[in-house]
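Have a look at the structure below before the remarks.
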Amino acid sequence: MVAFALPGCRTGPRGEATAMRLSAWLSVDERGQVTITAPVPEIGQGARTAIAMIVAGELGADWSTVTIVQADADDTFGPEQRAAGSGAIRDYWEPAR
């Protein structure tokens, strides 16, 4: 058996829901709206949506509760924040998961 604790999680009675920024990729507001930050721009290939679908799939999130926003250029998302070479899914599959 392995036990671990997640920051911001607690046991016991549930109180009022609060918004949480879980990572650079992901936040969930108090209503359950999931915001996924996509590191690559969308220029017609569907990369931004595909990356958001990877994250939402891992969460088991209802797609109707998902919002996708564009990330600012930031080293948090790695050096490949570009729209060229058909590498978005290949480069971001694992980090998104």
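Nothing here was measured: the structure is a model prediction, and the numbers come from that model.
- When all heavy atoms are compared, the tightest approach of Arg48 to Glu42 is N-OE1, 3.1 Å.
- For Val28, the side chain to side chain contact (heavy atoms under 4.5 Å, CB included) test picks out Leu22, Val34, with sequence neighbours left out.
- Under the 4.5 Å side-chain criterion, counting only non-hydrogen atoms from C-beta, Val69 is in contact with Thr35.
- Nearest heavy-atom pair across Ile68 and Ala38 is CG2-CB, 4.0 Å.
- Taking the side-chain hydrogen bond (donor to acceptor under 3.5 Å, both in side chains) definition, one finds that Thr67 meets it with Gln33, sequence neighbours left out.
- Screening residues 56-71 for salt bridge (charged side-chain N to carboxylate O under 4.0 Å, His left out), with sequence neighbours left out, gives Glu58-Arg97.
- Every residue meeting the side chain to side chain contact (heavy atoms under 4.5 Å, CB included) condition with Ala56, not counting sequence neighbours, appears here in chain and number order: Ile36, Ala61, Trp63, Val66.
- Nearest heavy-atom pair across Pro39 and Ala71 is CA-CB, 3.9 Å.
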